[in-house]
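By convention here, the first residue in the shown sequence is residue 1. Quick caveat: nothing in here was measured; it's all calculated off a predicted structure. Order of listing sets the numbers, starting from 1, for every ligand and every atom in it.
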Amino acid sequence: MSLYRVGLSRGMLSSFQRVMRGEGLHTSSAVQYEYIKVDKRGEKKNVGLIQLNRLKALNALCDGLVSEIGEALQEMETDTSIDAIVITGSERAFAAGADIAEMKDKSFQDCYARKFLSHWDIISKCPKPTIAAVNGFALGGGCEVAMMCDIIYAGEKAKFGQPEITLGTIPGAGGTQRLTRAIGKSKAMEMILTGEFMSAQEAEKAGLVSKVFPVEELVGEAIKLGERIGEFSQIAAAMCKEAVNMSDELPLSNGLLYEKKLFHSSFATDDKREGMTAFLEKRKPDFKDN
Ligand SMILES: C=CC(=O)SCCNC(=O)CCNC(=O)[C@H](O)C(C)(C)COP(=O)(O)OP(=O)(O)OC[C@H]1O[C@@H](n2cnc3c(N)ncnc32)[C@H](O)[C@@H]1OP(=O)(O)O
């Protein structure tokens with residue numbers, strides 16, 4: 001059982017110092033966080049918001065921060081009132097990458113034995129729809145976290161990059177794979193081999209980002225998107241997500257079969273009956289996520 005689950009946080013170890021610096025511990029219903037803020041947003045409070053909050057280090061993804069994202073996601077996953085989840089940072093930085101100070105003295109043995117970065121996978125495995133709302137820098141692991149989400153919305157000053165080559169290493173949390181799949185080999189290779197950043201507008205044109213918004217409107221627009229998704233059946237949304245994600249993993253014929261099996265499975269739900277009945281009765285469906 002993690003410390004968080006029994007009501008303690010890593011943060012409590014140094015809470016006195018943080019209180020003295022005027023920084024607080026950020027609390028959800030049962031869990032206290034040091035590096036993130038969590039909230040429920042939208043008119044029905046059905047959109048979970050995770051805001052990275054390690055501002056001085058540009059939200060560099062230290063071990064504690066990533067663990068807290070995982071804790072918050074797990075909590076939101078089991079909270080049936082939450083239909084979609086938005087992950088965001090600050091206006092200056094979504095996240096400037098894995099924490100370089102933490103990595104500097106790590107050996108191969110440390111990385112291999114402790115499966116360094118493998119706990120980041122929890123973000124891509126979340127069954128609920130996830131939206132990255134990216135303002136400012138999304139570099140290295142920050143770009144990778146954004147790409148682990150299902151949809152990326154960007155503020156017009158956002159900058160994406162995989163600059164690991166400038167540190168003598170390579171992307172390690174899916175950067176080469178996901179970027180190549182998103183924008184194609186030539187563009188991904190150029191970005192990764194030069195360490196150069198891509199603007200929000202370029203990222204939208206290349207296909208990494210769905211939409212670009214003015215900086216101050218970004219998070220609100222991501223929450224509106226979460227609310228729109230939340231109008232539908234949670235089960236259907238989870239099935240859509242599973243089928244789309246499988247298209248990245250499987251050859252076409254297997255992907256088509258997988259989709260068909262999920263489509264057939266959706267016929268076992270009350271929500272499919274309600275959706276089709278409501279259409280024929282010319283009324284709004286009342287989905288029960290069942
Ligand atoms: C999976 C592998 C990886 O992710 S490797 C990391 C990949 N990311 C990077 O290489 C980006 C590193 N950061 C930068 O290049 C710059 O900080 C910047 C371009 C994002 C912003 O530059 P600017 O000059 O505006 O700010 P500072 O460099 O002064 O940064 C402020 C403050 O944040 C600390 N910081 C920034 N990024 C990281 C990081 N990835 N890890 C640890 N710390 C980071 C930086 O050291 C500064 O701290 P300070 O105590 O004020 O010196």
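Taking CZ of Phe116 as the reference point, atom CE of Met103 lies at 5.5 Å (rounded to 0.5 Å). The OG atom of Ser247 sits 12.5 Å away from atom CG of Asn254, with the distance rounded to the nearest 0.5 Å. Expressed to the nearest 0.5 Å, how far NZ of Lys157 lies from CD of Glu91 amounts to 8.0 Å.
For Tyr153 and Phe213, the ring centers are positioned less than 6.0 Å apart.
Within a 6.0 Å radius of CD in Glu216, other residues, nucleotides and ligands contribute more than 12 heavy atoms.
A search for side-chain contact (heavy atoms from CB on, under 4.5 Å) contacts involving Phe279 returns nothing, not counting sequence neighbours.
Ordered by chain and residue number, the residues placing a heavy atom less than 4.0 Å from ligand 1 are Lys56, Ala57, Leu58, Ala60, Arg92, Ala96, Gly97, Ala98, Asp99, Ile100, Met103, Phe137, Leu139, Gly140, Gly141, Glu144, Pro163, Glu164, Leu167.
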